[in-house]
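Just below is one structure, and these are the notes that go with it.
First the proteins, then the strands, lettered A, B, ... as listed; each starts at 1.
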Number of protein chains: 2
Amino acid sequence: MDALFTSPRLMNVRTLNKRVILNMIRFTPGGISRAELARQMDLTRSAISTIIDDLAHVGLVHEMDNGPATGGRRPILLEINPRHGYVVGIDMGASHLGIVVADFSAHVLEEREYPLAVEAGPEKCLAKVDAQLRELLSHLNLSMEDVMAVGLGVPGPVVADAGSVSAPPIMPGWDNYPIRDHLQKQWNAPVALSNDAELGALGEWAYGAGRGEQNLAYIKVGTGIGAGLLLDGQMYRGTTGSAGEIGHITIQDGGPLCTCGNHGCLEAVAGGGAIARKAGEAVRSGRRTQLSSIPVDHITARDVAAAARLGDLVAQQVLTEAGTYLGIAVASLVNLFNPSMVVVGGGVSQVGDLLLEPIRRAVRERSLRSAAQAVRITAAVLGRRSSSIGAVVQGIDLALDRLIEV
Amino acid sequence: MDALFTSPRLMNVRTLNKRVILNMIRFTPGGISRAELARQMDLTRSAISTIIDDLAHVGLVHEMDNGPATGGRRPILLEINPRHGYVVGIDMGASHLGIVVADFSAHVLEEREYPLAVEAGPEKCLAKVDAQLRELLSHLNLSMEDVMAVGLGVPGPVVADAGSVSAPPIMPGWDNYPIRDHLQKQWNAPVALSNDAELGALGEWAYGAGRGEQNLAYIKVGTGIGAGLLLDGQMYRGTTGSAGEIGHITIQDGGPLCTCGNHGCLEAVAGGGAIARKAGEAVRSGRRTQLSSIPVDHITARDVAAAARLGDLVAQQVLTEAGTYLGIAVASLVNLFNPSMVVVGGGVSQVGDLLLEPIRRAVRERSLRSAAQAVRITAAVLGRRSSSIGAVVQGIDLALDRLIEV
DNA sequence: CTCGTTTGTCAAGTAACTTAACAATGATCT
DNA sequence: AGATCATTGTTAAGTTACTTGACAAACGAG
């Protein structure tokens with residue numbers, strides 16, 4: 001049916017089967033048996049057995065408990081050997097830096113958040129990332145030698161081949177800087193560079209709200225607004241890596257100036273900056289709100305979210321307005337790409353229904369019925385960790401690729 | 001890198017390789033040699049040779065001329081055997097019916113256009129399709145026995161498994177009607193049912209403006225407005241087959257009522273109906289235009305397009321306005337999907353730059369720079385035949401599947 | 001005319017599966 | 001409780017579909 005015009009096979013059959021089996025083991029909660037793998041992959045049990053032998057021999061896969069019987073011998077459940085190595089996931093935002101150290105089954109050992117100013121440029125920022133990571137590792141009695149791979153997310157369009165970003169609106173000075181090569185050299189470990197929203201989608205798909213969904217959109221609402229798209233079970237990056245740039249859809253003609261140079265972008269009316277600005281305006285206009293206790297120029301979106309959760313009406317109104325704008329864009333996204341799930345993440349999304357309800361309403365009102373009925377809209381369950389968990393998943397992917405290709 | 005979580009392999013390796021080889025032969029203009037196939041598929045020449053032997057033995061593949069030498073023996077170019085069978089492509093629109101009879105290399109033998117009223121419901125319409133097709137075939141001294149497969153496009157969301165449409169705004173009475181089963185029984189030939197915009201994308205990708213593009217969006221502007229999306233070389237249909245419903249993006253808040261029940265949809269302000277309505281309003285308001293010669297209630301989008309091509313200013317203005325609305329939607333699509341090409345097709349698109357320029361301008365002004373720079377926006381080169389050619393391609397796909405699985 | 005290339009083919013070898021049979025284990029029926 | 005039937009995982013032999021390596025045919029260039 002589809003235009004199957006497959007590109008050259010980059011792996012041989014055995015390697016590909018190993019990767020698929022490893023992924024099924026990784027992403028099946030509670031483990032999976034050889035027999036079940038055989039059924040799902042449409043191979044025989046004997047074929048699976050020999051492959052598992054290979055993987056167990058290298059120490060990548062473990063036998064754990066027996067599963068429940070279904071009228072016969074109990075299955076032996078398999079899991080990834082968590083102790084096979086350590087992986088680092090890094091989420092770089094416009095104003096924050098999240099670092100996670102995890103084992104091979106993506107179990108988080110330690111996580112930290114630091115402030116960061118991306119606009120300081122690549123050299124300074126990457127030096128800070130390096131310093132914080134090393135400190136975090138030494139705290140765990142680990143060093144870079146123990147890290148098998150690193151996943152890194154950045155808030156801009158990524159050129160996969162080059163390992164750099166291209167013309168990122170909120171990362172001035174980073175254009176074409178060889179981020180991946182720089183870090184790989186510095187750390188002597190493989191590094192995967194991706195867009196942060198993309199990683200959010202991957203994280204929520206693997207261990208969050210969108211587990212196993214075939215068509216998932218993850219909307220990251222932070223300083224910028226971006227979407228990560230998982231279509232037909234595959235990450236979709238677009239021609240130049242800038243797919244999912246929902247933040248720069250025009251929502252309000254002649255609206256406020258956006259960092260990208262246009263006017264009225266979603267990001268400029270519903271991003272973290274816009275939320276802070278509107279809250280500040282409300283304070284200035286003398287409205288009664290908890291936010292008055294903060295110097296007007298220092299109000300952040302996080303403050304607004306906190307106030308809203310404590311019941312502050314002005315803060316709630318600002319967020320509802322942002323949700324309505326978001327909803328208009330999400331309704332378009334739902335019409336274009338008919339996902340089974342939309343996950344809203346990023347710092348602001350923690351306020352929950354206050355932001356989600358306007359989005360759901362807009363989708364109900366503006367999207368085509370058959371698409372609107374098929375989609376569930378929820379908040380990220382990994383919270384502000386979606387992207388860094390996604391980065392860990394990418395890191396493990398990369399490590400597995402290296403380990404198996406031998 | 002990607003989450004490779006492949007579904008069960010539905011074909012064995014040999015069958016899959018045969019399909020891929022056939023597709024490379026089909027879609028390489030001028031034929032392709034065994035050696036070139038080997039290089040592109042990353043197989044050895046001997047492997048390709050045995051597969052080609054198989055295919056030639058069944059009569060699916062032919063040796064044609066020798067290609068030019070590059071310092072050694074001249075390659076033997078291969079092509080699909082056009083005489084292996086006949087295939088039918090059908091494009092059902094809201095108000096028209098296009099039927100194409102083609103050979104196995106998608107060369108069109110005969111094509112016809114008929115008026116049609118989809119709102120008459122499935123029984124009447126499919127009976128008309130049947131009658132016209134049989135007449136067309138007999139004109140070629142063929143009968144349904146000679147037809148190896150049929151591809152059919154309809155203007156609504158398609159449920160692939162069921163072979164029906166679900167809640168189509170412009171196909172009242174067709175909801176859940178078993179279109180595919182009905183026709184397969186009637187014709188005793190395999191039928192592939194798809195969305196018409198999807199087929200337009202496929203047609204333009206295979207033999208039109210978007211040849212070989214990896215990320216292609218085809219926008220069909222007719223009575224309805226829909227998009228067909230080809231992402232990473234694969235057709236993308238969405239969760240319930242309603243991906244690409246760009247026509248029901250809200251463009252003008254509180255705008256005119258759309259067939260879908262919402263207000264201000266793109267389709268309601270830039271679709272064929274809207275174009276006709278706005279032209280009618282211009283005539284009524286007494287503006288000077290060739291369209292005055294037509295009874296106001298009988299003006300169609302086609303009339304407007306014709307007048308515009310003859311230089312009628314009012315008609316041109318109506319189309320430019322439609323183009324601007326289209327551009328707003330396309331700019332959003334470009335931000336979300338970052339395609340390498342957008343092809344504009346459907347009846348109205350024949351006016352060319354009059355419609356395209358406003359779209360290009362909107363994309364330049366409203367889309368993120370890295371996405372806007374990567375995309376080319378052109379008119380369909382297959383004209384109003386995009387979808388029916390796409391239907392032929394689908395038909396051949398289906399026939400090949402049947403022929404090879406044995 | 002010779003040399004280096006490229007194409008297509010053939011025979012032998014190999015990777016990676018399937019088939020078929022079996023032991024171990026557990027649920028279910030009487 | 002015992003017999004029966006399912007289910008899981010393993011093993012050995014067979015098969016598929018490729019690769020390797022060698023070779024003849026065909027062509028351009030020095």
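- The phosphate of D:dA26 (OP1 or OP2) has no side-chain N or O of B:N66 nearer than 4.0 angstrom.
- A:Y236 and B:N215 are linked by a side-chain donor-acceptor pair at a separation below 3.5 angstrom, with hydrogens and angles left out of the test.
- Inspection of the B:R14 and B:N17 side chains reveals no N or O donor paired with an N or O acceptor under 3.5 Å.
- In this structure, NE2 on B:H62 lies 14.0 Å from CG on B:L77, to the nearest 0.5 angstrom.
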Nucleotide N/O to protein N/O under 3.5 Å, stretch nucleotides 4-11 of chain D:
| residue | atom | partner | partner atom | Å |
| --- | --- | --- | --- | --- |
| D:dA6 | O4' | A:G71 | O | 3.4 |
| D:dA6 | N3 | A:G71 | O | 3.4 |
| D:dT7 | O2 | A:R73 | N | 2.9 |
| D:dT8 | OP1 | A:R39 | NH2 | 3.4 |
| D:dT8 | OP2 | A:R39 | NH1 | 3.2 |
| D:dT8 | O2 | A:R73 | NH1 | 2.8 |
| D:dG9 | OP1 | A:I76 | N | 2.5 |
| D:dG9 | OP1 | A:I76 | O | 3.3 |
| D:dG9 | OP2 | A:R34 | N | 3.4 |
| D:dG9 | OP2 | A:A35 | N | 2.8 |
| D:dG9 | O4' | A:R73 | NH2 | 3.4 |
| D:dG9 | O6 | A:R45 | NH2 | 3.4 |
| D:dT10 | OP2 | A:R34 | NE | 3.2 |
| D:dT10 | OP2 | A:S49 | OG | 2.6 |

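- Atom P of nucleotide D:dT15 and atom CG of A:L43 are separated by 20 Å, given to the nearest angstrom.
- Atom pair B:L78:CG and C:dG8:C1' shows a separation of 11 Å (rounding to whole Å applied).
- Note: CG (A:N12) to P (C:dT14) measures 16 Å, nearest angstrom.
- The CE-C1' distance, from B:M41 to D:dC18, rounds to 12 Å in whole Å.
- No side-chain N or O of B:T50 forms a donor-acceptor pair with one of B:D53 less than 3.5 Å apart.
- Taking the six-membered ring where tryptophan is involved, the planes of A:F104 and A:H84 are tilted, since the angle between them lies from 30° to 60°.
- For A:E36, the salt bridge (charged side-chain N to carboxylate O under 4.0 Å, His left out) criterion is met by A:R39, not counting sequence neighbours.
- As a whole-Å value, the separation of B:K18 NZ from D:dA17 C1' is 12 Å.
- One axis for each end of the helix from C:dC1-D:dG30 to C:dT30-D:dA1, each built from five base pairs, and the angle between them comes to 20° at 10° resolution.
- Side-chain contact, B:S46 with B:R34: no donor N or O sits under 3.5 Å from an acceptor N or O.
- Spacing between atom CD1 of B:I52 and atom P of C:dT9 amounts to 9 Å, rounded to whole angstrom units.
- Closest to the side chain of A:A69, out of C:dA27, C:dT18, D:dA17, is C:dA27.
- Ring geometry for B:W205 against B:F27 counts as perpendicular: the plane angle is over 60°, on a 0 to 90° scale with 30° as the lower cut.
- Residue B:T44 has no polar side-chain atom (N or O) positioned under 4.0 Å from OP1 or OP2 of D:dC18.
- Salt-bridge check for A:R376 with A:E213: passed, with a basic side-chain N closer than 4.0 Å to an acidic carboxylate O.
- Between B:N17 and D:dC18 there is a side-chain N or O to OP1 or OP2 distance below 4.0 Å.
- Rounded to whole angstrom, the span from the CG atom of A:D54 across to the C1' atom of C:dA15 amounts to 12 Å.
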